[in-house]
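Residue numbers start from 1 in every chain, and the chains themselves are labelled A, B, ... in the order their sequence lines are given, proteins ahead of strands. Worth knowing before you read on, the calculation uses all heavy atoms, side chains too, and leaves out hydrogens, waters and symmetry mates. Model, not experiment: these values are computed from the prediction.
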Amino acid sequence: MAKISFEKSLKQLEEIVQEIESGNLPLEKAMKKFEEGVKLSKYCSEKLDETEKKISVLLHDNNGDITEEPFMPENEAKND
Amino acid sequence: MAKISFEKSLKQLEEIVQEIESGNLPLEKAMKKFEEGVKLSKYCSEKLDETEKKISVLLHDNNGDITEEPFMPENEAKND
Amino acid sequence: MAKISFEKSLKQLEEIVQEIESGNLPLEKAMKKFEEGVKLSKYCSEKLDETEKKISVLLHDNNGDITEEPFMPENEAKND
Amino acid sequence: MAKISFEKSLKQLEEIVQEIESGNLPLEKAMKKFEEGVKLSKYCSEKLDETEKKISVLLHDNNGDITEEPFMPENEAKND
Amino acid sequence: MAKISFEKSLKQLEEIVQEIESGNLPLEKAMKKFEEGVKLSKYCSEKLDETEKKISVLLHDNNGDITEEPFMPENEAKND
Amino acid sequence: MAKISFEKSLKQLEEIVQEIESGNLPLEKAMKKFEEGVKLSKYCSEKLDETEKKISVLLHDNNGDITEEPFMPENEAKND
Amino acid sequence: MSRNLRKIYTVSELTSEIKSLLEESFPFVWISGEISNLSTPVSGHYYFTLKDENAHIRAVMFRGQNRKLKFMLEDGLSIIGLGRINLYAPRGTYQIIFEYIEPKGIGALQLAFEKLKIRLSEEGLFDDKYKTPLPFLPNKICVITSPTGAVIHDIIDIINRRFYNISIEIIPVKVQGDGAIPEIVSAFDIVNKLAESDGSAEVVILARGGGSIEDLAAFNSEEVARAVFASKIPVVSAIGHETDYTISDFVADLRAPTPSAAAELVVPLKNELKNRCDEMFKNLIARIYNNIERLNSILKEMNTRLVDPRKNIQDFRLRIDDYINRLLKSIYNVINRWRDQLMWMTKSLYATSPYKHIDNLSVTLKRLNYNLLSYIDIYIQNRRSITIVLASRLNDLSPVAILDRGYSITRTIPDAVVVRDPKIVNLGQDLEVMLSKGSLICRVEGKS
């Protein structure tokens, strides 16, 4: 899934939402779609987080003398 | 019965209900059908429970952000 | 990037800003451009710092008399 | 640079100052000009030092009459 | 320089003084001229001292005890 | 120089004085003249004291022989 | 008359010819007459008219000759004079220019004197060109004079006074009477003979006291005049009084009015000379020092004007400092300008940071999440409600429902065949009787 772009993922998620909304799916399929939707949502969410973090890092690294203090505590927390 | 889809089960259940409602069935058959219907109804119900639980687990596992806010209070009440 | 002149870098930075401002970019691309922009900004900033340092060194190396008294207090304040 | 006359150097220095002051130069070029200017200024200063020393020696060696009275007290103060 | 007459030296010195006074000389040339001027001045000064000393000697030799030594000024001069 | 008359010497000396006084002589020439002047002056002074006072009377006999006698007041008596 | 034959003079030509005629015919004339109309202008020349009963002639005596006069000219005086006829062309007048004038009635001696004087003068003995200058400072002075009398004493005194250490040589001679002339001539011989030898006299004073023209006769003799003229050693004549003129005086290289004056003329004042020498020497030293002083002051002036280029250097230093300051200011300006621009750009960049994007996308994502959850819930609720309805309907149809009203259903065991007819059961057989609230297991005891 990693290759799919954020926008595509978001689009797929929307399609899934519409499919589920239509109510025409059998339960298993709906369930499967839902599962897929959750994953997509999670993927998108992570993507956004990631991007945000990236921006943060970028800004921290490049702007001013912030690098004196320990680097990106959020990331460290993640790596624990 | 595990192989039967939720929709088929629901359909069978509906058919059984209609057969019995027709009143043409001998008691034994009606009883048998009724028994079958009870089983189907139970099966469907369980299937739905199962699905709901699955959703719950999915949400719990995959998406912190989404579950942050209490998810579907109506459902929780039902599950109690 | 070292070979690009300051002015070219600044121009590229400006272009990037305009591209991003146009708002039509997908996230990844926007992110990429932004990253590039930050790098350019950093590059330019470093270039300026470097130049300032070079001036300092030049003055120090070549002209002891001048550097005795604090020269250009505004700039020093800036460097603090 | 040793072959350039003092006046020529001074003139070049002046031109460089004016060029940089005009503010139309790209950074690198301005910096290059500045560097050149500093070198020229150094060259000129050295030339003056040299000349002054030469005069000192001359006066000391050759002519008691001329050096009888302290010559240019400002200069002496400067040389301290 | 020893062969140059006092007057010529003085004249040269004057010319040099005027040249320097005109203020149109480049530093190197002015310096050179000054050097030359100092030397000429020294030369002239020495020449005058020499002449004065010569006068002194002459007066002492000739005007002291005139009658003591036999008078043959030409011859004495010749024998010198 | 010994043959030069007092008058000539004095005249020469006077000329020399005037020449030197005129200030138009180059130093070396003036010096030479001065030297000459000193000699002349000495020569003149000596000349004045050179001769020894003697008053004599020249007598001649018939043979044309000339005799010299000191001049004495008695001569007056004799000739009377 | 043919024009060719006619000789036409210009006035100048005619005058010139008359002048030649007159002046050549009468180079010197003795003339006697009476003075009238005497005038003496500032020039010192005498102008007068010489006349007799019948004629007048203009006459001039120039100042140079006046001094020889031994008497004062005055109107009415009869004179005899020697002069030349002269024609003054500009005015067309002629006159006589007197060389010599004496009162009329002078003696033969005087006449002889005048004649000799003219002769010798014409011979050139008086000419300046033959006059030798006196030595400025003679080593020795020869005095030809009488050894007795005041003259020699005066001369010696004066010489001693003026220049003590000059030697004097006296040649005693008779100065009047018989033998005076040969002695004087012989004295000149001696002096000139000795002239070659060392320490000889360098000047001769021929001296005599005053006297009558007869007393001075020797000095008016031609012999003495020629001896004086022949002398190689310069001769100063000092004969008689100041107003006495002798032939010797004219011939001598210099005439002194008196013997004392002769001594003064011949011998310079030693003190004066000494002073002059000293003065000169002092001047010499002063001048040379002046020269040096002057040159020194010029040199000094040059030295002060020889401006040390260090002043220029000062100026240059200030200029360089200024340049450096400007250089720095401007380079920092350049840098600051670029920095400002960069900062502005960077600000713009940060303003466009994808945060905004993220926010937008986040909202969308949230919406989708919400929808996903909502719709799955709806979906499930839907299914569940269908299931519940069916279950409820089924429940309503349950065959067991009649049991509540007191009916019961009897089924065989274990075949669960509903017993409607007793015939299908055997006595003693166990049957299941389903009741509303459970079931009973019964044994058939009988049939009916």
Problem - Top contributor to chain F interface from G:I159, G:I171, G:I190 [non-hydrogen pairs under 4.5 Å] - result: G:I190
Practice task
Count the heavy-atom pairs under 4.5 Å between each of G:N283, G:I156, G:L273, G:D189 and chain F, then report the option with the highest count.
Solution key: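 Result: the option with the highest number of such pairs is G:L273.
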Practice task
Might you confirm whether atom CG of F:D65 has over 12 heavy atoms from other residues, nucleotides or ligands at distances under 6.0 Å?
Solution key: yes
Practice task
For F:K29, look at atom NZ and say whether over 12 heavy atoms of other residues, nucleotides or ligands are found less than 6.0 Å away.
Solution key: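 No, the 6.0 Å shell around NZ holds no more than 12 heavy atoms from other groups.
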Quick check for you: to the nearest 0.5 Å, what is the distance between [X] atom [atom1] and [Y] atom [atom2]?
| X | Y | atom1 | atom2 | result |
| --- | --- | --- | --- | --- |
| G:I168 | F:I55 | CD1 | CD1 | 4.0 Å |
| G:N290 | F:I20 | CG | CD1 | 10.5 Å |
| F:L27 | G:I288 | CG | CD1 | 7.0 Å |
| F:Q12 | G:M280 | CD | CE | 11.5 Å |
| F:E19 | G:R287 | CD | CZ | 14.0 Å |
| G:L284 | F:E14 | CG | CD | 12.0 Å |

If you define the side chain from C-beta out and look only at heavy atoms, does anything of [X] sit under 4.5 Å from [Y]?
| X | Y | result |
| --- | --- | --- |
| G:P172 | F:F71 | no |
| G:F281 | F:V17 | no |
| F:F34 | G:N291 | no |
| F:L48 | G:K270 | yes |
| G:N160 | F:K53 | yes |
| F:D49 | G:K274 | yes |

For residues 216-223 of chain G, run the donor-acceptor check on the side chains, cut-off 3.5 Å, and write out each pair with its distance to 0.1 Å, sequence neighbours left out.
unit_1 : atom_1 : unit_2 : atom_2 : d
G:N220 : OD1    : G:I247 : N      : 2.7
G:S221 : OG     : G:A218 : O      : 2.6
G:S221 : OG     : G:V224 : N      : 3.2
G:E222 : OE1    : G:R119 : NH2    : 2.9
G:E222 : OE2    : G:R119 : NH1    : 3.3
G:E222 : OE2    : G:R226 : NE     : 3.0
G:E222 : OE2    : G:R226 : NH2    : 3.0

Side chain, backbone, both or neither: which part of [X] has a heavy atom under 4.5 Å from chain F?
| X | answer |
| --- | --- |
| G:L295 | side chain |
| G:L194 | side chain |
| G:L137 | side chain |

Exercise for the section: Could you please spell out the steps behind the side chain to side chain contact (heavy atoms under 4.5 Å, CB included) verdict for F:L10 and G:F136? Expected result: CA-CA 10 Å; F:L10 203 62; G:F136 183 74; 4.2 Å; yes
Problem - Residue part contacting chain G, namely of F:L13, when any heavy atom lies under 4.5 Å - result: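 When you check distances to chain G, atoms from both the backbone and side chain of F:L13 fall under 4.5 Å.
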